[in-house]
Amino acid sequence: MASRTDKARGAFRTIGEVSAETGLAHHILRYWETRFPQLRPVTRAGNRRYYRPEDVALVRRIDTLLHREGYTIRGVQQLLANTDRTPPPPPADEQADLTTMLLAIRNRIADALRQDESLQSR
């Protein structure tokens, strides 16, 4: 899903940007910070919140668990407390992009090796 901002994938996001991307209200995001200790955006002067990419991924995961899979707040708390802290897999479209990039790299390496072999055989 394309971001509504022109920021890089790894850039920090404000609470307003995360709210716009996820469709969740600011007060919901602030409430979730009190309920889920894993969700800790960086705070700066004036208590401004800056969400790291992993924070945004966690917000999306919590949203999915609560609103699509029917978990309660307590259920999500227990699930997050019991799960490994490995990041969730990238979205399918991102995986396709990564696969395409990896295949292109593999092909370039194979071409370079073939060229190297042909130069050595001369």
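The first residue in the sequence is number 1, and the count goes up from there.
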Decide, yes or no, whether a salt bridge links Arg60 with Asp63 under the criterion of side-chain N to carboxylate O below 4.0 Å.
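No, Arg60 and Asp63 are not salt-bridged.
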Sidechain N-carboxylate O distance under 4.0 Å for Asp111, Arg114:
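Salt bridge between Asp111 and Arg114, a charged N being under 4.0 Å from a carboxylate O: yes.
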Verify, without hydrogens or angle tests, whether [X] (side chain) and [Y] (backbone) share a donor-acceptor contact under 3.5 angstrom.
X: Asp116; Y: Ala112; result: no
X: Arg13; Y: Ala11; result: yes
X: Gln77; Y: Arg35; result: yes
X: Asp55; Y: Arg52; result: yes

Go through Val56 and Glu17 one step at a time and tell me if the side-chain contact (heavy atoms from CB on, under 4.5 Å) criterion holds.
CA-CA 10 Å; Val56 177; Glu17 291 168 336; over 6 Å; no
Taking [Y] as the starting point, is it possible to reach [X] by hopping between hydrophobic residues whose side chains are less than 4.5 Å apart?
X: Leu29; Y: Leu39; answer: yes
X: Phe12; Y: Ile15; answer: no
X: Phe36; Y: Leu24; answer: yes
X: Tyr71; Y: Tyr31; answer: yes
X: Val18; Y: Ile28; answer: yes

Between Glu33 and Pro41, the two heavy atoms sitting closest are OE2-CG, 3.4 Å
Shortest non-hydrogen contact between Gly16 and His26, atoms and distance:
CA-NE2, 3.6 Å
Nearest-0.5 Å distance that lies between atom CZ in Arg40 and atom CD in Glu54:
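Answer rounded to 0.5 Å: 14.0 Å.
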If we count only N and O atoms by modelled type, under 3.5 Å, do the side chains of Arg48 and Tyr50 hold a donor and an acceptor together?
yes
Applying side-chain contact (heavy atoms from CB on, under 4.5 Å), can you list everything that pairs with Gln115, at least two apart in sequence or on another chain?
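Not a single residue meets the side-chain contact (heavy atoms from CB on, under 4.5 Å) criterion with Gln115.
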Run the side-chain contact (heavy atoms from CB on, under 4.5 Å) test on Val76 and Trp32 for me, step by step, so that the C-alpha distance in whole Å, both residues' side-chain angles and the decisive distance to 0.1 Å come before the verdict.
CA-CA 11 Å; Val76 175; Trp32 285 359; over 6 Å; no
